[in-house]
S.K.: 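Quick one: the structure is below, questions incoming.
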4 protein chains.
Amino acid sequence: MEVAPARRSRGPSPERTARTRAAILAAALDEFLDGGFAATRMADVAARAGLAKGTLYLHFADKEALFEGVLRGLVEAPLAGLAAAAPAEGEAVRDFLLRVLRPVLRDMEASRRGAVIRLVVAEGGRFPAIAAMYRRIVIAPGLAAIGALAARAAAAGELRGEALLRHPPLLVAPVVLAVLWNGLFAAGDPMDAEAMFEAQLDLLFPVRGSHPAET
Amino acid sequence: MEVAPARRSRGPSPERTARTRAAILAAALDEFLDGGFAATRMADVAARAGLAKGTLYLHFADKEALFEGVLRGLVEAPLAGLAAAAPAEGEAVRDFLLRVLRPVLRDMEASRRGAVIRLVVAEGGRFPAIAAMYRRIVIAPGLAAIGALAARAAAAGELRGEALLRHPPLLVAPVVLAVLWNGLFAAGDPMDAEAMFEAQLDLLFPVRGSHPAET
Amino acid sequence: MEVAPARRSRGPSPERTARTRAAILAAALDEFLDGGFAATRMADVAARAGLAKGTLYLHFADKEALFEGVLRGLVEAPLAGLAAAAPAEGEAVRDFLLRVLRPVLRDMEASRRGAVIRLVVAEGGRFPAIAAMYRRIVIAPGLAAIGALAARAAAAGELRGEALLRHPPLLVAPVVLAVLWNGLFAAGDPMDAEAMFEAQLDLLFPVRGSHPAET
Amino acid sequence: MEVAPARRSRGPSPERTARTRAAILAAALDEFLDGGFAATRMADVAARAGLAKGTLYLHFADKEALFEGVLRGLVEAPLAGLAAAAPAEGEAVRDFLLRVLRPVLRDMEASRRGAVIRLVVAEGGRFPAIAAMYRRIVIAPGLAAIGALAARAAAAGELRGEALLRHPPLLVAPVVLAVLWNGLFAAGDPMDAEAMFEAQLDLLFPVRGSHPAET
DNA sequence: TATGAATGAGGTTTCATTCAT
DNA sequence: CATGAATGAAACCTCATTCAT
């Protein structure tokens, strides 16, 4: 073992560093999602992470950078997975979308990604950096992927009309609405993001087997 | 009546008081709509109302009370017309929706309805009262109306599938998404709420004449 | 009396405001001149003025603006006096300068203007705004005035060569040096700004009576 | 001697230590010269020296100690040549000064002498030691030399009046002013130290050949 | 010796709210 | 009723210094 302690033995351990960074991100995630961006104080994040304020700034340049770290930690890996995924041989785009996105929608709240959407929508206006960040990291790749899939579906004749080609956001609009709804009206009847997504999918992609009369 | 009372009315004048209160509310509405609750400073509201800061506190106990006052004011005007409207004899639901909602969408920003939506979404989390109020006054009637129209359209065979019957919010999801987008990414490319609405309408209501092959 | 209480009777008194402002300036002057710009904390100024920190910002936008206020308070009035002054009928420029500037030099330290020069020189590098401010308020008008007087003296044949015409700062260079010296080597032998100024004056302006052989 | 010891010398090596110390001092000199004491961050010194922050503290107890070390280093090099120089046989003092000082003025900034002067002026107030040291090492010998030259010039009838005899600093006042100016107003119009020095020289030493009318 | 992550006191600025006039 | 100067609690971020490795 000990492949390459290299020129690296002196000084503090890089492993500890990674652990600290993770602790900060975990604490920040909790704080941001419960209270929002503005209301979260760096001091609270530090306290929750069991660190001093200054330590935060050793790992993240400022509050926005910290939020970006949280955002990346939460969505980058999954998003990369999605982006890498592609319809299997002979798989219809509709089926692919269902297969891939259903799990994502299902744990929208459990994974706290829904909360992130709500935070961005709620505070993006006052903190444009946050909106820009979310757009760059999540929205842009997402819409690009949708656009590519729409083109593929269109080529295969799987698409109804040109709606999705012209307006890729149509695919996710119902999901966003449902997520916001569930945040605003936490009590009472939640909106079923998954069901709405499937309904929208049925509108965008005619279901071959069951509705043979349609294009 | 009572001609402007000599410019120096001693003692309280209920009329004058009401006018001051209205001025404060108008100013506060403007300020809250662009910037939200936290970003709005009492000093700005006072300045816009042409009053001193202290005067605000004579009429509203604190910032939250002022916000509440604004919300109440927001309740009186809206909707009205829309709820009463109904398809004309023989008018297709799709045509009716286009006829009625297109103007609404077109001046979404000019009429500040877009800003109101954004305010509700942004502050609804911290002020559940505003979310509940908006739901009661705007959303519930709106969804009820959509539901009724969906039923009527279904009965007339104008509907594609059961999407809208089961999920009335689908009709407005793209509009909401566009409005939020335009709030978050004010600069750069705005999203065309009207175009997205029409695209969604085409999905929900097959266009008989032009696409005869579809159901 | 009571010429015009006008529309002005309500609310806090403007007289009190002026007194507060003056108190802030007095406190700030003391603090700035003893400790410099960077080392002076707004909290200390407030405390010395017997006010809360926030009050400072009611009268001065920030620390730099406060310093500018101090600077203006200290030099603007005297400077305006100097600028307004002009050689009397038939008075030689040399005599005018002696008459006008000798008192200024004499109370350079008592008036604390020497300390201001030292502060600007010492911290102007780190706070360019301060240097720019001093240049705008003191140096530029000063050099302009010197330039004008030099031109006048040259026209009257009172000048030796073109040194002062080409390099107006030459007139004050010895004074600045003396002021800095006296700041750095407070103990020990002070440099006599007045004597050096007069010597420089003799160099720049040939003394008609006593040295008839010179131009 | 002792070829670079295998890159991994165990135990302390006095030579290595000295080299590290020198590197720190060199880096600190650079940093202090541009920015002064307060603006210089230990982290920057460490980075420039290619060391870790902690290493600085192994060699210097704190920032002040480091500053003191730099000052001591500043003492060794300078002057040297100038003090030894003397007018050649039959050379006028004015010509001697021009010959000797012109090059010094010309590379005032390149040689960082200007920066040293500014450092002394800027920090001398807070660190009397540096002012005293500079006075002892640079100013006192300098003024002594000027005094001697003035006496010699006076004896030879090369001097205008007694200005320089009584106030040796007059010779350098314009240069100091120019150097400070160029530090404060780095941007914009620099002041030409050399030109001002020559102008002052012309005032102090009548130019025999070209202005025969003057004494 | 050298490292660099961690510390935490400290400073400027903002702004909702109060209250004497 | 109206005024607006005064308040003071936060909040973000910096950086000299320490110390386990």
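First the proteins, then the strands, lettered A, B, ... as listed; each starts at 1. Heavy-atom basis, side chains included; hydrogens, waters and symmetry copies ignored.
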S.K.: Establish, with yes or no, whether the OP1 or OP2 oxygen of dA6(F) is under 4.0 angstrom from a side-chain nitrogen or oxygen of H59(C).
M.R.: yes

S.K.: I24(C) CD1 to dA6(F) C1': how many Å, rounded?
M.R.: 10 Å

S.K.: Quick one: which of dT7(E), dT3(E), dG4(F) gets closest to the side chain of T55(D)?
M.R.: dT3(E)

S.K.: For Y57(A) and dC15(F), what is the distance between atoms OH and P respectively, to the nearest whole Å?
M.R.: 13 Å

S.K.: Measure the distance from CZ on R16(A) to P on dT7(E) and round it to the nearest whole Å.
M.R.: 10 Å

S.K.: Counting side-chain heavy atoms from C-beta on, which of dA2(E), dG11(E), dT13(E) comes nearest to T20(D)?
M.R.: dA2(E)

S.K.: Could you tell me how far apart F60(B) (CZ) and dT18(E) (P) are, to the nearest whole angstrom?
M.R.: 16 Å

S.K.: By nearest nucleotide on DNA chain E, pick out whichever of M42(B) and A38(C) is the more 5' one.
M.R.: A38(C)

S.K.: Name the residue closer to the 5' end of DNA chain F, choosing between A39(A) and A43(D) according to the nucleotide with the nearest heavy atom.
M.R.: A39(A)

S.K.: Please tell me which of L56(C) and L51(B) maps to the more 5' nucleotide of DNA chain F, matching each residue to the nucleotide holding its nearest heavy atom.
M.R.: L51(B)

S.K.: Suppose we define a pair by two distances each less than 3.5 Å, Watson-Crick or G-U wobble; what does dC13(F) pair with here?
M.R.: dG10(E)

S.K.: For E31(C) and dT12(E), give me the distance from atom CD to atom P, rounded to whole Å.
M.R.: 11 Å

S.K.: Anything under 30° is parallel, anything over 60° is perpendicular, the rest tilted; go ahead and classify F37(A) against F67(A).
M.R.: perpendicular

S.K.: Between atom CZ in R41(B) and atom P in dC15(E), what is the gap in whole Å?
M.R.: 5 Å

S.K.: For dA20(F), give its Watson-Crick or G-U wobble partner with both distances under 3.5 Å, or none.
M.R.: dT3(E)

S.K.: Looking at R112(A) and D30(A), does any basic side-chain N land under 4.0 Å from a carboxylate oxygen?
M.R.: yes

S.K.: Please name the pair of heavy atoms, one in L25(B) and one in G69(B), separated by the smallest distance, quoted to 0.1 Å.
M.R.: CD2-C, 3.6 Å

S.K.: Would you mind telling me which residue lines up with the more 5' stretch of DNA chain E, A61(C) or G54(A), judged by nearest nucleotide?
M.R.: G54(A)

S.K.: Could you check whether R136(A) pairs with E68(A) (Lys NZ or Arg NE/NH1/NH2 to Asp/Glu carboxylate O, under 4.0 Å)?
M.R.: yes

S.K.: Any Lys/Arg nitrogen of K63(D) or E123(D) sitting under 4.0 Å from an Asp/Glu carboxylate oxygen of the other?
M.R.: no

S.K.: Could you check which of dT7(F), dA2(F), dA16(F) has an atom nearest any side-chain atom of K63(D)?
M.R.: dA16(F)

S.K.: Expressed in angstrom and rounded to an integer, what is the separation of R21(A) atom CZ from dG4(E) atom C1'?
M.R.: 16 Å

S.K.: Can you say whether a donor on the side chain of K53(A) sits under 3.5 Å from an acceptor on the base of dG10(E), or the other way round?
M.R.: yes

S.K.: In this structure, how many angstroms lie between the P atom of dT13(E) and the CD atom of E64(C), rounded?
M.R.: 8 Å

